[in-house]
Amino acid sequence: MVTDMKTILALSFFISLSAGAEASEYHVDKAAANLVKFISDAPIEDFEGITDRIDGYVLFVKEHLAPGNDFDSSEVYFEVELNGLDTGIGLRNRHMRENYLETDIFPYAVFEGRLASVNEKSPGKFDVVTEGLMKIHGVEQTVSFDGTVMSDGNGYRVNYDFTVKLSDYNIEIPSLMFMKINEIIQIKLDFYVRLYEGGN
């Protein structure tokens, strides 16, 4: 179960911390204006699939994100519920979910990894490199992608912009009367994480 994996990752992180070390835990704020966008730039027609159904967390040593922190034991985890993707056409949504993404079997796209580097570009704004495993359609691939993290009160706004190749995840490229999908899909993530202070 996805939730079980999140619990295991979190426990392993805290067990690995040395005694007395500070640690910060940030969870996705599901009440915020989060956005996940899948973009197909195809010769016949461009289209987007969007959803706000993203969840996850970031764990790292020290209280705040800053260059020089030890990120070797950091954890980055997020999951996107693919059944929530909306392309603007109901029939296209159904074909994508049932015939290609097979969301009844593989309901989530999941990333789990760590912060590989953090560089402060301006006060409260960081360029980050994140690396780990992306799991889509039951297939895992090692990935590394760049992002931007901006301080936002008691948390951060996180932006990632990267691409995935459908064939790398054994996803057939749909070609229908009204739809032609590029094999290379651009993915944009824009979400907020807030400092976790206990409770549900």
Side-chain angles (χ1 to χ4, degrees), residues 1-6 26-58 76-113 128 130-150 152 155-194:
M1 230 178 132
V2 175
T3 302
D4 292 338
M5 178 58 70
K6 290 168 65 177
Y26 291 83
H27 288 205
V28 170
D29 180 0
K30 290 189 283 187
N34 302 315
L35 179 66
V36 178
K37 184 181 293 187
F38 293 72
I39 303 171
S40 172
D41 185 6
I44 298 176
E45 179 187 12
D46 299 344
F47 74 89
E48 302 175 352
I50 62 173
T51 183
D52 62 357
R53 298 183 189 176
I54 183 170
D55 197 5
Y57 61 85
V58 181
V76 177
Y77 178 95
F78 58 79
E79 61 188 37
V80 176
E81 185 183 344
L82 299 177
N83 272 318
L85 275 178
D86 182 13
T87 67
I89 298 177
L91 185 58
R92 180 163 61 192
N93 292 345
R94 180 175 176 180
H95 278 291
M96 184 177 298
R97 295 168 187 167
E98 294 181 2
N99 300 332
Y100 302 104
L101 295 177
E102 299 180 283
T103 56
D104 57 330
I105 305 172
F106 311 110
Y108 294 96
V110 176
F111 173 84
E112 53 187 272
V128 300
T130 307
E131 59 184 24
L133 291 176
M134 183 77 75
K135 186 174 183 179
I136 305 173
H137 200 237
V139 178
E140 286 187 343
Q141 297 286 350
T142 300
V143 297
S144 175
F145 45 84
D146 300 337
T148 302
V149 177
M150 291 162 286
D152 177 46
Y156 297 95
R157 182 177 183 178
V158 182
N159 286 274
Y160 287 113
D161 189 341
F162 57 96
T163 60
V164 299
K165 188 176 182 181
L166 294 180
S167 60
D168 287 345
Y169 297 92
N170 293 339
I171 298 173
E172 181 183 353
I173 302 173
S175 180
L176 304 175
M177 240 182 356
F178 55 87
M179 176 174 66
K180 176 67 177 177
I181 291 182
N182 194 326
E183 184 183 17
I184 305 299
I185 301 295
Q186 184 180 10
I187 299 179
K188 293 178 177 285
L189 305 181
D190 182 2
F191 61 96
Y192 295 80
V193 295
R194 303 298 182 200

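- The closest side-chain heavy-atom distance from Val36 to Arg53 is not below 4.5 Å.
- A salt bridge links Arg194 to Asp152: one of the charged nitrogens lies within less than 4.0 Å of a carboxylate oxygen.
- Here Leu82 contributes atom CG and Tyr108 contributes atom OH; the two are 9.5 Å apart, rounded to the nearest 0.5 Å.
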- Task: Given side chain to side chain contact (heavy atoms under 4.5 Å, CB included), test Gln186 with Phe38 step by step and report yes or no.
- Result: CA-CA 6 Å; Gln186 184 180 10; Phe38 293 72; over 6 Å; no

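- No side-chain heavy atom of Ile89 sits less than 4.5 Å from a side-chain heavy atom of Phe47.
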- Check the pair Ile187, Tyr160 against side chain to side chain contact (heavy atoms under 4.5 Å, CB included), reporting the backbone distance first and the verdict last. CA-CA 8 Å; Ile187 299 179; Tyr160 287 113; over 6 Å; no

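- Within the 4.5 Å cutoff, the side chain of Phe111 has heavy atoms near those of the Val76 side chain.
- To the nearest 0.5 Å, atom CD1 of residue Ile184 and atom CG of residue Asp41 are 11.5 Å apart.
- Note that CD of Glu48 and CG of Asp86 are 11.0 Å apart. Values are rounded to the nearest 0.5 Å.
- Proximity of Lys188 to Ile39: side-chain heavy atoms (C-beta onward) are separated by under 4.5 Å at one or more points.
- Residues forming a side chain to side chain donor-acceptor pair (under 3.5 Å) with Asp146 (at least two apart in sequence, or on another chain): none.
- Here the straight-line distance linking atom CE of Met134 with atom CD of Glu112 works out to 11.0 Å at 0.5 Å rounding.
- Expressed to the nearest 0.5 Å, how far CG of Asn182 lies from OG of Ser40 amounts to 5.5 Å.
- A donor and an acceptor atom, one from each side chain of Glu81 and Thr51, are nowhere located under 3.5 Å apart.
- Heavy-atom minimum distance, Val28 versus Ile54: CG1-O, 3.5 Å.
- Atom CG of Asn170 and atom CZ of Phe106 lie 9.0 Å apart (nearest 0.5 Å).
- For the 3.5 Å distance criterion, the side chains of Asn93 and Thr87 qualify, holding a donor opposite an acceptor.
- Asn83 places no side-chain N or O within donor-acceptor distance of the main-chain N or O of Pro107, the cut-off being under 3.5 Å.
- Ring pair Phe145/Phe162 is parallel by interplanar angle, where below 30° counts as parallel and above 60° as perpendicular.
- Remark: Tyr192 pairs with Arg157 by the side chain to side chain donor-acceptor pair (under 3.5 Å) rule, at least two apart or across chains.
- Asn159 places no side-chain N or O within donor-acceptor distance of the main-chain N or O of Asp190, the cut-off being under 3.5 Å.
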- Task: Let me see the working for Ile50 and Leu35 under side chain to side chain contact (heavy atoms under 4.5 Å, CB included), right down to the final yes or no.
- Result: CA-CA 7 Å; Ile50 62 173; Leu35 179 66; 4.1 Å; yes

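- Just one of Tyr26, Tyr57, Phe191 meets the ring pair (Phe, Tyr, Trp, His ring centres under 6.0 Å) condition when paired with Tyr156; it is Tyr26.
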- Query: Could you go step by step and tell me if Asp104 and Glu98 meet the side chain to side chain contact (heavy atoms under 4.5 Å, CB included) rule?
  - Reply: CA-CA 7 Å; Asp104 57 330; Glu98 294 181 2; over 6 Å; no

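- With a 4.5 Å cut-off on side-chain heavy atoms, Ile171 and Leu101 count as touching.
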